[in-house]
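A short worksheet on the structure shown next.
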Amino acid sequence: MTIQPTDIGSDENIEGYLIGSPVSLIREFTAVPGSGPRLHRHPYVETFLVHSGRALFTLGDDQVVVEGGQVIAAPALLAHRFEVLDGGTYNATHIHASDRFVTEWLE
């Protein structure tokens, strides 16, 4: 068996089943304040590893600002969203605990 790396861009989605992984990844890279996904949830945990920049995360009824060097997780089935804030480029890896993206959009 030959294992080959997969190239990813600065803003790309990779479903794990395509590369033999049990997790899927979203790579986010944006400097547009206010950008981010609308409210949604997944039947699995989503972990956000923020490399740089800042974003306001809404997790259920709670809101928290997450900055570069921090990590936060949205539990399975918890409605969540985030909004990029001023102060630099939001650069993050979002890790979905599933080999495929499964998203229920709530707004």
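Not measured: the values here are computed from a predicted model. We number each residue from 1, following the sequence as shown.
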Discussion item. Using the rule that Ile, Leu, Val, Met, Phe, Trp and Tyr join whenever any side-chain heavy atoms are under 4.5 Å apart, tell me whether V65 and F48 fall into a single cluster.
Written reply: no
Fill in: From OG1 (T58) to CZ (F82), nearest 0.5 Å
11.0 Å
Practice prompt. Can you see which heavy atom on S35 is nearest to which on T30, and at what distance?
Written response: OG-CG2, 3.6 Å
Worksheet item: Any donor-acceptor pair under 3.5 Å linking the side chain of R54 with the backbone of L85?
Response: no
Worksheet entry | Close side-chain approach of R27 to L25, heavy-atom, < 4.5 Å | no
Discussion item. Is any side-chain heavy atom of L59 closer than 4.5 Å to one of H80?
Written reply: yes
Item to complete: State whether a side-chain donor-acceptor pair under 3.5 Å links H96 with H94.
Response: no
Practice prompt. Starting at CH2 of W105, measure out to CZ of R81 and round the result to the nearest 0.5 Å.
Written response: 10.5 Å
Practice prompt. Nearest 0.5 Å please: distance from the CD1 atom of I95 over to the CD1 atom of I26.
Written response: 11.0 Å
Discussion item. Contact between F101 and N13 at the side-chain level, heavy atoms closer than 4.5 Å - yes or no?
Written reply: yes
Worksheet item: Do the side-chain N and O atoms of S24 and E15 include a donor-acceptor pair separated by under 3.5 angstrom?
Response: no
Fill in: Inter-residue atom distance I14.CD1 - D99.CG, 0.5 Å rounding
13.5 Å
Practice prompt. Would you mind checking if E104 and R41 are paired as a salt bridge, meaning a charged N to carboxylate O distance below 4.0 Å?
Written response: yes
